[in-house]
Number of protein chains: 2
Amino acid sequence: MASVNAQAAKASKSKRDPESVRQRILQAALAEFSDKGLGGARVDVIAQRADANKRMLYHYFGNKDDLFLAVLEHAYRDIRSAELELNLDNLSPEDGMRKLVAFTFDYFIKAPYFINLLNSENLHRARHLRRSQAILDMHAPVVGLITDLLRRGIAEGVFRADADPIQVFITNASVGYFYFSNVHTLSTIFGRDLSEKDELEARRRHVIDVVLGYLRPT
Amino acid sequence: MASVNAQAAKASKSKRDPESVRQRILQAALAEFSDKGLGGARVDVIAQRADANKRMLYHYFGNKDDLFLAVLEHAYRDIRSAELELNLDNLSPEDGMRKLVAFTFDYFIKAPYFINLLNSENLHRARHLRRSQAILDMHAPVVGLITDLLRRGIAEGVFRADADPIQVFITNASVGYFYFSNVHTLSTIFGRDLSEKDELEARRRHVIDVVLGYLRPT
DNA sequence: GGGCTAAGTAACTAGTCAGTTACTTGTGGA
DNA sequence: TCCACAAGTAACTGACTAGTTACTTAGCCC
């Protein structure tokens, strides 16, 4: 307790807080890369949004590309670790899958930056992500969740026997991702704001129905 | 016949072919915007890819943004008109829907530029598309196709009664779009090339199963 | 207190970029 | 043949960009 207070007192008197500056840059970069894409984001703007000196951006992250990779790792780590906390083991296969699909949809609402980050990374052919062993290691456990749900569902006769975990993982992401990634064009085309609450609720129900409807035995 | 030959002879002797230059610029722009996004594409590169003088790009299209909109209109026109030629009326609701889903998936393979163009346009919040009445007018007929299929399927008791045409339109696009838009990150994550023929065939079968499985009556 | 290093400030730099300017050439119609 | 205008060439321009340089300040440890 005394050491926490000593640290807090020290931090409030200090003119320098490297970890805070570093985090502010990371968050500002996440926002700027999400808004503008990797190519459109400007390091001056990131520094400004972070209320930091541009020099510090290079100091902490090296260059623009490496900053983008740091942002990407942060984003992936967030969603993948949240998925692992869903505790699907304790649910029926159907409820587990329902919870996972709903979680994914809700996550895209909560973390809208994720989609534009992935779009940018794919525009650059995953060249950043290839350099990150951390990101690569994040996915096996999540696919394992789906594999387990499918296995249980098939064993109980409530899921179709030909469901493939990776295809289901991709489809689970698909039905929400596309909606959000194209929300501007779709809203314009259909002349209604697809990011409004009622629209989101309708879409959420639909995506759950799509995945659960597909999984019904044939 | 004589007039066709006269035109061909005239064209082959001419040093100027404005329509050809214009088309070359449009195609080069489509490629460059698809590869690099709107922000990353360079007008010098587009001109070079078109084997045209940069001045002509401004001459024909005004500026970079307007060129992007021309490309977007071209891309939408292509997919939307192809959809209308599917002749789904003559098929059972199930076969019609199967054909549409397969068509959409195959279209993304055939016209890979479409996805990156839409990603760019959404990154820019559909600000180009809003200026195009032509694009806005292209969608009602296609949604009408799905509405008809669903209506027939529900009447025949082979589709679920709660299926919504717009949601199905979006889901039809979702299950393929996400796969292709994220093919680089997904391939890296799963350590396999998801653009290979076998992978594409597996995914194609899956997306048809997802939509048709979902549509089964409850 | 002093020295050293990390953290930080501010200005600079060379190259890039969309768009413009100045001029030339080709073509069609009178 | 001549003229006018569209199509075309090539160079230029001012602003922007990621990254660098030169220097200062803060904080920690001896």
Side-chain angles (χ1 to χ4, degrees), chain A residues 3 6-26 28-33 35-71 120 123-124 127-128, chain B residues 3 6-26 28-33 35-71 120 123-124 127-128:
Chain A
S3 98
Q7 283 183 342
K10 191 166 188 176
S12 68
K13 296 252 172 86
S14 170
K15 290 197 176 179
R16 293 182 176 187
D17 191 342
E19 190 48 35
S20 168
V21 173
R22 191 179 179 283
Q23 281 303 309
R24 293 203 318 264
I25 291 171
L26 192 71
L30 185 150
E32 182 69 8
F33 286 135
D35 289 342
K36 306 288 174 61
L38 173 56
R42 297 292 175 252
V43 287
D44 282 332
V45 174
I46 292 169
Q48 187 175 58
R49 287 174 89 159
D51 193 28
N53 190 284
K54 184 168 69 166
R55 175 70 183 84
M56 304 319 298
L57 184 152
Y58 291 96
H59 177 77
Y60 288 118
F61 296 100
N63 58 46
K64 189 179 178 182
D65 258 19
D66 288 353
L67 176 57
F68 184 75
L69 178 54
V71 165
S120 272
L123 188 64
H124 291 262
R127 67 179 164 88
H128 305 89
Chain B
S3 98
Q7 284 183 343
K10 192 166 190 174
S12 69
K13 296 251 172 93
S14 169
K15 290 197 177 178
R16 292 181 176 187
D17 190 343
E19 191 48 36
S20 167
V21 172
R22 192 179 178 282
Q23 281 303 309
R24 291 202 320 264
I25 292 172
L26 192 71
L30 184 151
E32 182 69 7
F33 286 135
D35 288 343
K36 305 287 174 62
L38 173 56
R42 296 293 175 252
V43 285
D44 282 330
V45 174
I46 292 168
Q48 185 176 59
R49 286 174 89 159
D51 192 27
N53 190 283
K54 184 168 68 168
R55 175 70 183 83
M56 303 322 297
L57 184 151
Y58 291 95
H59 178 79
Y60 288 118
F61 296 101
N63 57 46
K64 190 180 180 182
D65 259 17
D66 289 353
L67 175 57
F68 183 74
L69 178 55
V71 165
S120 272
L123 188 63
H124 292 263
R127 67 179 165 87
H128 305 91

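Everything quoted here is computed from the prediction, not taken from an experiment. The sequence lines fix the lettering, A, B, ..., with proteins before strands; numbering per chain opens at 1.
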Exercise: identify the closest heavy-atom pair between A/H128 and A/L69: O-CD1, 3.5 Å
What nucleotide among C/dG26, C/dG8, D/dG8 has an atom nearest to a side-chain atom of B/V21? D/dG8
Can you tell me how far C1' of D/dC5 sits from NE2 of B/H59, to the nearest Å? 10 Å
Send over the distance from B/K64 NZ to D/dC16 C1', rounded to a whole Å. 13 Å
Could you state the CG-P distance from B/D44 to D/dT13, rounded to the nearest angstrom? 16 Å
Can you tell me the distance, in whole Å, between the NZ atom of A/K36 and the P atom of D/dA18? 11 Å
Verdict with supporting geometry, B/D65 and B/L38, side chain to side chain contact (heavy atoms under 4.5 Å, CB included): CA-CA 8 Å; B/D65 259 17; B/L38 173 56; 3.9 Å; yes
What contact category does A/A47 fall into here, base, sugar-phosphate, or nothing, at under 4.0 angstrom with non-hydrogen atoms? nothing
Let me spell it out: for each of A/A41 and A/R55, pick the nucleotide of DNA chain D with the closest heavy atom. Which residue's pick is nearer the 5' end? A/A41
Among residues at least two apart in sequence or on other chains, which ones pass side chain to side chain contact (heavy atoms under 4.5 Å, CB included) with B/V45? B/E32, B/R42, B/R49
Looking at D/dT25, I'd like to know if its phosphate oxygens (OP1 or OP2) sit under 4.0 Å from a side-chain N or O belonging to A/R16. no
Quick one: does any side-chain atom of B/R24 pair with a main-chain N or O of B/D51 as donor and acceptor, under 3.5 Å? yes
Whole-Å distance between C/dA6 P and A/N53 CG? 18 Å
Here the distance between atom P of D/dT20 and atom CE of A/M56, to the nearest Å, is 15 Å
When rounded to whole Å, the CG to P distance for the pair A/L57 and D/dG19 reads 9 Å
A/Y58 OH - D/dT21 P separation (whole Å): 13 Å
Please check the phosphate of D/dT17 (OP1 and OP2 only) for any side-chain N or O of A/R42 closer than 4.0 Å. yes
Does A/Y60 place a side-chain N or O at less than 4.0 Å from the phosphate oxygens OP1/OP2 of C/dG8? yes
CG (B/L57) and CG (B/L26) are apart, to the nearest 0.5 Å, by 10.0 Å
Kindly point out which of D/dA11, D/dG19, C/dT9 is positioned nearest to the side chain of B/K54? D/dA11
